[in-house]
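Contents: one structure, followed by commentary.
For clarity, every value in this text was computed on a predicted model and none was experimentally measured.
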Amino acid sequence: MLATKTDILPAERLYDWGTYCGVPGGIPDRAKVFRSLNPGATATQLVSAITSCPSGQVVYLNAGTYDLGNIAWPSKSGVTLRGAGPGKTILRPTSGGDLIRLQSADYSEANGIAVSGGYEKGSTAIVLASNPGSRFAPGNIVYISEENS
């Protein structure tokens, strides 16, 4: 006999993931590629492509590994950075810093906390570099972004 969700969690702890989680309005369906880059592209070229990309369009990274060093990601909304798929397009810093940060619902850089571990293949937990305090509480939206700190 299969267990039901109420057998595992009490009803008051269930959450309507389909309504309250994910990308507000759904994942954007952006098909117009503004610029495509190939492995070997520099961090400067990637930042330039994102910065100059019109809202609603895509910067596409072809399959391969991108050694980005200590890239400073631009703050640009309405642009999609897309790769060739899982395990095909790999973003990798070459010195210092992690690409992953955990941020609270207000998405501000000031509230980001560096992820110090748990981003390895097969990991089932994320390790934060510092205590998040009350900014991260049950019911709050949290998102993980790839940025160098």
Do you know the tightest heavy-atom contact between A63 and A84?
N-CB, 3.7 Å
Using a 3.5 Å cut-off and no angle test, enumerate the donor-acceptor pairs between side-chain atoms of residues 43-51 and protein atoms at least two apart in sequence or in another chain.
{"residue": "Q45", "atom": "OE1", "partner": "T42", "partner atom": "N", "Å": "2.7"}
{"residue": "Q45", "atom": "OE1", "partner": "T42", "partner atom": "OG1", "Å": "3.4"}
{"residue": "T51", "atom": "OG1", "partner": "V47", "partner atom": "O", "Å": "2.8"}

Drop me the distance from L61's CG to I90's CD1, to the nearest 0.5 angstrom.
12.0 Å
Could you list the donor-acceptor pairs under 3.5 angstrom formed between side-chain atoms of residues 53-60 and any protein atom two or more places apart in sequence or on another chain?
none

With the 4.5 Å side-chain cut-off for hydrophobic clustering, are L81 and L37 part of the same group?
yes
Per the side chain to side chain donor-acceptor pair (under 3.5 Å) rule, what does the pair list look like for residues 79-91, sequence neighbours excluded?
R30-T80
